[in-house]
Amino acid sequence: MTVSLLRRLLPVLALLLPAAASAVDPDDLLPVEEAFRIEARAESRERIAIGIDIAEGYYLYRHRMGVAADPAAFAEPVLDLPPGIAYTDEFFGDVETYRQRLEATVRGSAAAGIDTVELELRYQGCADVGVCYPPQKARLSVALPAAAAITGALPGAPSGGLDALGSALGSGGLSGLPGAGPAAGVEGLPLPEDEAFGFEAIAASGNEILMRFTPAPGYYLYRDRSSFRIAEGEGVGLGAPRWPPGQTHSDEHFGEVIVYFDQVEVPLSIGRAAGAPQRVVLEATFQGCQTDGVCYPPMTRRVPVDLPQGTADALPETAPTPAAGLSLWTLFAALGGALVGGLILNLMPCVLP
């Protein structure tokens with residue numbers, strides 16, 4: 001992003017950070033490519049190292065980072081990030097940030113015959129002077145090493161793929177290995193729901209909340225089994241969530257549904273009786289399943305969201321979303337009463353075909 005574009009954005013940013021923005025000279029801000037210098041290299045066909053040099057006086061948000069790739073070339077990319085520096089942001093609440101240098105890893109599975117992977121790295125950062133860059137997308141072209149011959153390899157023999165195997169076992173699945181589903185073996189036991197389905201929400205503006213769902217590898221999220229409401233906060237109403245296109249999935253019991261296997265960001269417009277900054281608590285109810293494994297009961301998360309100055313307007317009427325409040329008894333009946341005895345990792349799962 002150029003300095004000239006930052007100049008045009010400053011009047012808007014000044015509404016969010018009036019005291020700081022009024023003292024900022026756009027010429028003092030680095031172009032985003034200089035503030036955050038990104039490099040990438042392949043450690044193996046399953047692991048890509050990402051390094052970001054962060055200029056002095058600038059920082060990155062941990063929760064605003066993500067990665068995507070063509071699934072036909074590099075399946076199920078997962079961005080592993082180290083812990084950041086705990087920080088209480090005036091608008092985003094408790095977050096983690098990175099300064100100086102960030103070392104991250106992208107795990108996935110390169111398709112046979114692919115020698116170059118195109119990654120899309122999503123990130124957002126700010127300057128200490130009080131101005132944040134808009135969310136960014138960096139295109140990274142990474143050359144992969146040649147695939148090693150594995151014919152006749154013995155279990156435990158040195159191999160570049162062992163790192164991927166260890167990572168898959170550590171995450172509770174084997175989705176990175178060809179022919180191995182996430183429910184295979186003891187290591188495929190279902191993850192706790194907060195690890196299987198990550199959920200975050202921040203204020204994208206004074207009149208929009210941005211939600212992010214992150215299913216773990218080998219898990220998927222239903223689009224239409226979700227609902228949202230403001231659990232705490234006065235004079236704030238929600239519009240309909242704007243889901244991006246998902247993947248059509250034929251479910252034996254629920255029919256044709258839309259699901260998401262990868263991280264998805266969902267904007268949620270809000271109406272406000274007054275435009276002053278305030279904190280609200282967003283309550284999200286949603287449902288997901290483990291591929292060829294168990295289906296989780298509907299889960300509810302509450303996330304505080306600090307709304308900056310917004311526009312006062314008519315409160316929208318939230319359209320009801322089906323099955324968000326599906327009870328366990330209804331769920332079991334819909335699945336023919338197939339109940340796996342006992343609680344597994346605090347779940348009461350139902351077996352899917």
Side-chain angles (χ1 to χ4, degrees), residues 32 35-44 46-69 76-108 119-128 132-133 135-138 140 142 163-173 175-176 187 191-204 210-219 262-265 279 282 284 299 301-306 345-346:
V32 67
F36 311 105
R37 296 182 180 273
I38 303 171
E39 58 185 11
R41 62 179 178 83
E43 296 179 338
S44 71
E46 295 85 20
R47 295 172 65 90
I48 296 174
I50 302 290
I52 304 179
D53 285 319
I54 304 170
E56 187 71 24
Y58 294 77
Y59 59 91
L60 287 172
Y61 285 115
R62 185 177 192 270
H63 71 284
R64 299 293 284 162
M65 301 197 69
V67 70
E76 298 183 349
V78 176
L79 180 62
D80 289 333
L81 294 167
I85 303 169
Y87 171 68
T88 299
D89 189 277
E90 180 181 1
F91 299 101
F92 297 154
D94 293 333
V95 296
E96 293 181 35
T97 61
Y98 300 111
R99 292 181 179 271
Q100 295 183 337
R101 175 75 178 179
L102 169 61
E103 298 281 356
T105 301
V106 179
R107 293 183 287 111
L119 292 179
E120 179 184 271
L121 181 68
R122 299 185 294 272
Y123 64 99
Q124 185 175 17
C126 301
D128 287 337
C132 289
Y133 296 88
Q136 304 289 321
K137 293 182 179 180
L140 307 174
V142 185
D163 286 343
L165 174 60
S167 298
L169 292 176
S171 64
S175 57
E187 294 82 4
L191 293 170
E193 67 176 40
D194 59 344
E195 295 181 23
F197 301 95
F199 176 74
E200 304 164 272
I202 63 170
L210 182 64
M211 303 181 294
R212 174 185 286 176
F213 297 84
T214 308
Y219 291 75
D262 300 313
Q263 185 179 86
V264 58
E265 294 187 345
R279 168 169 286 197
L282 175 68
M299 60 199 85
R301 308 277 176 83
R302 288 191 172 197
V303 178
V305 179
D306 289 306
L345 299 177
N346 299 320

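Sequential numbering from 1 along the given sequence is applied to the chain's residues.
Under the side-chain contact (heavy atoms from CB on, under 4.5 Å) criterion, R302 pairs with R229, A231, E232, V281, E283, sequence neighbours left out. In this structure Y98 satisfies the ring pair (Phe, Tyr, Trp, His ring centres under 6.0 Å) test with no other residue, sequence neighbours excluded. Take R301 and apply the salt bridge (Lys or Arg N to Asp or Glu O under 4.0 Å) test, not counting sequence neighbours, and it matches no residue. Contacts of Y58 classified as ring pair (Phe, Tyr, Trp, His ring centres under 6.0 Å), with partners at least two apart in sequence or in another chain: none. With sequence neighbours left out, the side-chain contact (heavy atoms from CB on, under 4.5 Å) criterion links R37 to E34, D53. Judged as a side-chain hydrogen bond (donor to acceptor under 3.5 Å, both in side chains), and not counting sequence neighbours, E96 has no contacts. Partners of T97 under the side-chain hydrogen bond (donor to acceptor under 3.5 Å, both in side chains) rule, at least two apart in sequence or in another chain, do not exist in this structure. Residues meeting the side-chain hydrogen bond (donor to acceptor under 3.5 Å, both in side chains) test with Q263, sequence neighbours left out: R122, T214. The side-chain contact (heavy atoms from CB on, under 4.5 Å) check on E39 picks up R101, with sequence neighbours excluded.
Residue D194 holds its CG atom at 10.0 Å from CE of M299, rounded to the nearest 0.5 Å. Taking CG of L79 as the reference point, atom CZ of R62 lies at 9.0 Å (rounded to 0.5 Å). With values rounded to the nearest 0.5 angstrom, E103 atom CD is found 9.5 Å from I52 atom CD1. Taking CG of L60 as the reference point, atom CD1 of I54 lies at 4.0 Å (rounded to 0.5 Å). Atom CD of E200 and atom CE of M211 lie 12.5 Å apart (nearest 0.5 Å). The CZ atom of R47 sits 10.5 Å away from the CZ atom of R41 when rounded to the nearest 0.5 Å.
Nearest heavy-atom pair across A138 and Y123 is CB-CE2, 4.0 Å. The minimum heavy-atom distance linking P217 with E76 is given by the pair CB-OE1, 4.0 Å. E43 and A49 get closest at one heavy-atom pair: OE2-CB, 3.6 Å. Pairing each heavy atom of L119 with each of A69, the nearest pair is CD2-CB, 3.7 Å. The two residues A201 and L282 make their nearest non-hydrogen contact at CB-CD2, 3.9 Å. The two residues V142 and A40 have their closest heavy-atom pair at CG2-CB, 3.8 Å.
Counting heavy atoms from C-beta outward, V264 and P215 have side chains that stay 4.5 Å or more apart. Inter-residue side-chain proximity for M65 and I50 is flagged as unmet; no heavy-atom pair is nearer than 4.5 Å. Residues P135 and R64 meet the side-chain proximity criterion, which asks for heavy atoms closer than 4.5 Å.
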> What do the steps show when you test I85 against Y59 for side-chain contact (heavy atoms from CB on, under 4.5 Å), and what is the final call?
Replying inline: CA-CA 10 Å; I85 303 169; Y59 59 91; over 6 Å; no
> Should R99 and D128 be marked as a side-chain contact (heavy atoms from CB on, under 4.5 Å) after you check the CA-CA gap, both sets of side-chain angles, and the distance that decides it?
Replying inline: CA-CA 11 Å; R99 292 181 179 271; D128 287 337; 2.8 Å; yes
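Aromatic ring orientation, F199 versus F213: tilted (interplanar angle from 30° to 60°).
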